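Along the sequence shown, the residues carry numbers beginning at 1. The structure displayed is predicted, hence computed values, not measured ones.
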Amino acid sequence: MSSHILRNTLLAVALFAITLPAFFCNSPGSNEEVQASLWKNVYDTAAHYVGIQTCRMCHESIYETFIKTGMGQSFGLATKEKSAADFSPAHALVYDSALDYYYRPYWDRDTFYIMEFRVEAGDTVHKRIQKVNYIVGSGQHTNSHIFNTNGYLFQAPITFYTQKHRWDLAPGFEKGASSRFQRLIELECMSCHNGYPEFVANSENKFISVKTGIDCERCHGPGSLHVQARQTAIPVDTSKTPDYTIVNPRRLSTELQNNVCQRCHLQGISVINDGKTFYDFRPGMKLSEVLNVFMPEYEGAQDKMIMASHVERMKKSQCYVRSGKMSCVTCHNPHVSVKFTPRIQYLNACQGCHGNVAGQHQCTESTQVRAAQNNDCVTCHMPHNSSIDIPHVAVTDHFIRKRPIADTMAKKITAFLGLKCFNNDKPDAITIARGYLEFYERYAHSVELLDSAILYLNRQKDEEAAKKQNRDYIWAYYLLNDFQHEVKYAAQLKPSDINDAWTAYRIGEAYFQLQHADSALSWYKRATEIWKYGLDFENKYGICLLALNRVPEAFDVFRFVLNENPAHVSANTNLGFICMQQGNNKMAYDYIMRAWQLDPDYEQNLINLAVWYHNNNMPDKAKSSLEHLLKKHPENERAKAMFADLAGIGH
């Protein structure tokens with residue numbers, strides 16, 4: 001199991017050729033030292049978040065406009081008022097042809113549900129109904145949907161695309177890649193699509209509470225020092241001097257301004273620095289103090305963009321490169337929705353550098369063409385472009401070019417050039433290696449990416465680097481399925497040495513795949529100690545206990561998983577197996593059928609169901625289960641053998 005099988009799919013692009021150009025090979029070096037700041041709420045650990053309603057008390061007019069922006073509307077409860085979707089019968093039906101499921105969203109009074117069903121020979125043979133709790137997205141481009149199971153958040157498999165006014169599979173769920181109702185909403189997702197939530201730290205996707213929209217402090221930093229100062233001190237005249245109790249992005253350097261925005265508008269492969277989390281970035285910092293964001297570079301792909309890559313595209317522009325002062329707030333007022341921003345604001349930003357002043361560049365297009373476009377610079381130089389990660393969506397391309405359409409129309413991707421870090425000119429070799437590992441695991445399974453990762457890991461040999469590299473070599477060889485090589489690195493370690501749950505899990509999995517369940521157990525256990533509420537780790541720990549015939553302990557682990565998430569398919573399957581082995585037919589059937597209702601195509605559960613039917617003298621139903629299994633998973637050798645045995649072949 002890969003760590004990012006459980007994560008959002010961002011991008012899928014075929015790799016046509018792999019090269020390692022020298023211009024992406026940065027010299028090894030440590031991450032940048034933490035910088036001092038005049039802004040008191042940047043590094044002061046006493047500064048804490050106070051919430052948007054506290055800010056509103058003194059900034060009502062800004063609140064009223066901000067709350068209507070895409071950021072202010074980014075996340076909300078699943079209400080009819082929040083939804084931009086069309087629920088009429090003509091629109092509200094989606095068919096996943098790869099997995100053969102239909103989806104129908106609907107309201108029952110004021111509650112939003114999504115029904116998944118399958119039809120065979122005119123009959124409904126599967127139906128699952130899932131309540132939706134939250135809607136993600138302002139509705140300018142999409143509404144996606146999240147449901148809550150005991151604090152664990154998951155994404156639903158369908159999205160409404162407002163620009164095309166249609167329902168379809170959610171991004172990353174297309175072409176057989178749908179995880180249906182099992183895609184975890186982790187902190188990386190939540191921390192960009194919403195205000196900072198209360199998160200259960202020893203989990204992947206469990207939350208105590210979540211906000212409803214991006215709030216003021218995501219761009220201004222925690223507000224407690226500012227509130228305290230305003231309550232106890234004379235107000236600062238900000239027309240004369242900054243109020244250093246809270247960051248004002250307009251007063252930051254151009255680089256730091258862009259760092260605020262690119263925390264979420266530089267969507268790519270985020271590699272978090274050791275000891276940091278997605279919570280740790282604050283406005284006024286360099287983003288590279290917390291994480292480094294890599295983007296894949298392709299030859300012939302200038303017109304290929306992902307939706308939230310605004311900063312990456314801007315940084316490719318000569319306007320940015322040559323001016324040295326261009327930031328997102330050059331054109332945008334983050335307190336006002338783009339829907340309500342006068343067009344002249346953007347045109348004035350262009351004219352500020354390309355106006356009618358001697359020595360400034362003028363538009364060379366003909367008067368007739370310019371008139372046809374109402375002298376609108378943005379229409380010609382920043383046209384709408386479709387995104388390669390989000391279907392049915394077109395957004396403004398922030399790669400400003402003289403001839404953006406003519407330059408790119410005929411070009412196609414011809415080669416993968418490498419990964420480029422867009423918020424740090426000199427990431428160290430280990431960080432680059434982790435970028436390649438992330439890219440492989442999440443988006444493009446080309447073994448050359450792993451070769452590149454190992455190449456970069458081999459570049460740093462010092463003792464401190466070696467301590468960090470152990471986990472990365474383990475990660476690389478795990479992805480290569482080279483479990484023998486992986487355990488060679490693990491042999492140097494004890495479970496108590498590891499503080500990363502995924503590293504502990506990967507070591508456990510290596511031993512387990514090598515059929516050393518006894519050695520795997522302590523590593524799986526260590527993963528669950530680090531992430532007690534990492535339910536897939538708990539489930540795998542239970543499987544290992546079961547393999548060692550420690551059945552009562554395994555039973556307790558699976559029960560814990562189901563107490564946390566009753567819809568965990570594998571835990572239901574495993575408890576069904578245990579109960580069947582113990583001769584408790586009724587309880588076994590209940591667990592097996594619960595798993596079947598959740599996922600009618602789950603291989604191991606279909607085998608268990610066939611065995612249950614066989615044991616209970618229902619051979620036709622046993623055959624039917626195996627036929628269905630082989631229809632969905634034709635390479636399952638165990639099912640083939642069982643079916644042959646039931647059919648009496650060879651007897």
Side-chain angles (χ1 to χ4, degrees), residues 1-7 15 18 20 28 204 269 271-275 294 419 428-531 534-548 570:
M1 182 174 67
S2 159
S3 65
H4 292 292
I5 287 174
L6 309 176
R7 301 187 180 183
L15 301 183
I18 301 291
L20 284 174
E204 287 187 281
I269 301 102
V271 179
I272 303 180
N273 297 340
D274 290 330
F294 293 86
L419 295 180
D428 64 28
I430 293 178
T431 301
I432 298 171
R434 291 175 182 173
Y436 277 97
L437 292 169
E438 289 270 3
F439 187 48
Y440 173 90
E441 193 166 38
R442 297 173 71 169
Y443 315 129
H445 300 312
S446 173
V447 71
E448 288 86 350
L449 293 171
L450 301 181
D451 293 340
S452 298
I454 293 171
L455 182 151
Y456 280 109
L457 288 175
N458 289 340
R459 289 187 176 181
Q460 290 195 221
K461 299 292 187 181
D462 57 272
E463 184 176 345
E464 183 180 351
K467 292 178 182 177
K468 293 198 294 183
Q469 284 171 303
N470 264 327
R471 81 174 202 194
D472 299 304
Y473 282 118
I474 287 166
W475 186 5
Y477 290 113
Y478 168 81
L479 295 176
L480 284 165
N481 292 322
D482 186 347
F483 301 121
Q484 291 284 6
H485 214 139
E486 187 183 348
V487 298
K488 284 175 62 177
Y489 282 94
Q492 308 170 38
L493 304 168
K494 297 180 294 186
S496 58
D497 294 334
I498 299 298
N499 293 311
D500 175 65
W502 274 109
T503 300
Y505 166 79
R506 291 178 184 120
I507 296 172
E509 188 69 359
Y511 281 117
F512 195 82
Q513 293 298 327
L514 294 171
Q515 300 185 10
H516 296 302
D518 52 342
S519 298
L521 187 67
S522 61
W523 292 100
Y524 284 138
K525 187 174 189 294
R526 179 58 181 154
T528 67
E529 289 170 349
I530 300 167
W531 277 358
L535 299 186
D536 290 301
F537 293 156
E538 290 280 359
N539 183 65
K540 199 57 189 273
Y541 176 49
I543 290 171
C544 191
L545 286 166
L546 198 55
L548 294 169
S570 182

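Closest approach of Y456 to A433, counting heavy atoms only: CB-CB, 3.8 Å. Heavy atoms only, all atoms of each residue included: I507 and A490 are closest at CG2-CB, 3.5 Å. Annotation for S570 and N539: closest pair OG-ND2, 2.9 Å, computed over non-hydrogen atoms.
Remark: Q484 CD is loosely packed, at most 12 non-hydrogen atoms of other residues, nucleotides or ligands lying under 6.0 Å away.
The residue from I454, L450, I269, L449 that alone fulfils the side chain to side chain contact (heavy atoms under 4.5 Å, CB included) condition with L437 is L450.
For D274 and R434, the salt-bridge test passes: some basic side-chain N is under 4.0 Å from an acidic carboxylate O.
Contact annotation: the side chain of F537 approaches that of W502 to within less than 4.5 Å [non-hydrogen atoms, C-beta and beyond]. The shortest distance between side-chain heavy atoms of V447 and L479 does not fall below 4.5 Å.
Separation of the W531 and Y505 ring centroids does not fall under the 6.0 Å cut-off.
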Take E486 and Y489 through the side chain to side chain contact (heavy atoms under 4.5 Å, CB included) test and state the conclusion after the steps. CA-CA 6 Å; E486 187 183 348; Y489 282 94; over 6 Å; no
Start with the C-alpha distance between Y436 and E448, add both sets of side-chain angles, then the distance that settles side chain to side chain contact (heavy atoms under 4.5 Å, CB included), and finish with yes or no. CA-CA 10 Å; Y436 277 97; E448 288 86 350; over 6 Å; no
Take F439 and F294 through the test ring pair (Phe, Tyr, Trp, His ring centres under 6.0 Å) and record every step on the way to the result. CA-CA 9 Å; F439 187 48; F294 293 86; over 10 Å; no
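By the side chain to side chain contact (heavy atoms under 4.5 Å, CB included) test, Q515 pairs with no residue at all, sequence neighbours left out. Under the rule for a side chain to side chain donor-acceptor pair (under 3.5 Å), the partners of T503 that lie at least two apart in sequence or sit in another chain are D500.
Counted by atom type alone, N499 and R526 present one or more donor-acceptor pairs between their side chains at under 3.5 Å. For the residue pair W475/E441, the side-chain donor-acceptor check at 3.5 Å is satisfied. A donor and an acceptor atom, one from each side chain of Y473 and N458, are located under 3.5 Å apart.
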When the side chains of residues 516-525 are checked against the rest of the protein, which donor-acceptor pairs come out under 3.5 Å, sequence neighbours left out?
unit_1	atom_1	unit_2	atom_2	d
Y524	OH	E509	OE1	2.5
K525	NZ	E529	OE2	2.9

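Taken to the nearest 0.5 Å, the CD1 atom of I498 stands 7.5 Å off from the CD1 atom of I530. Here the straight-line distance linking atom CD1 of I474 with atom NZ of K488 works out to 12.5 Å at 0.5 Å rounding.
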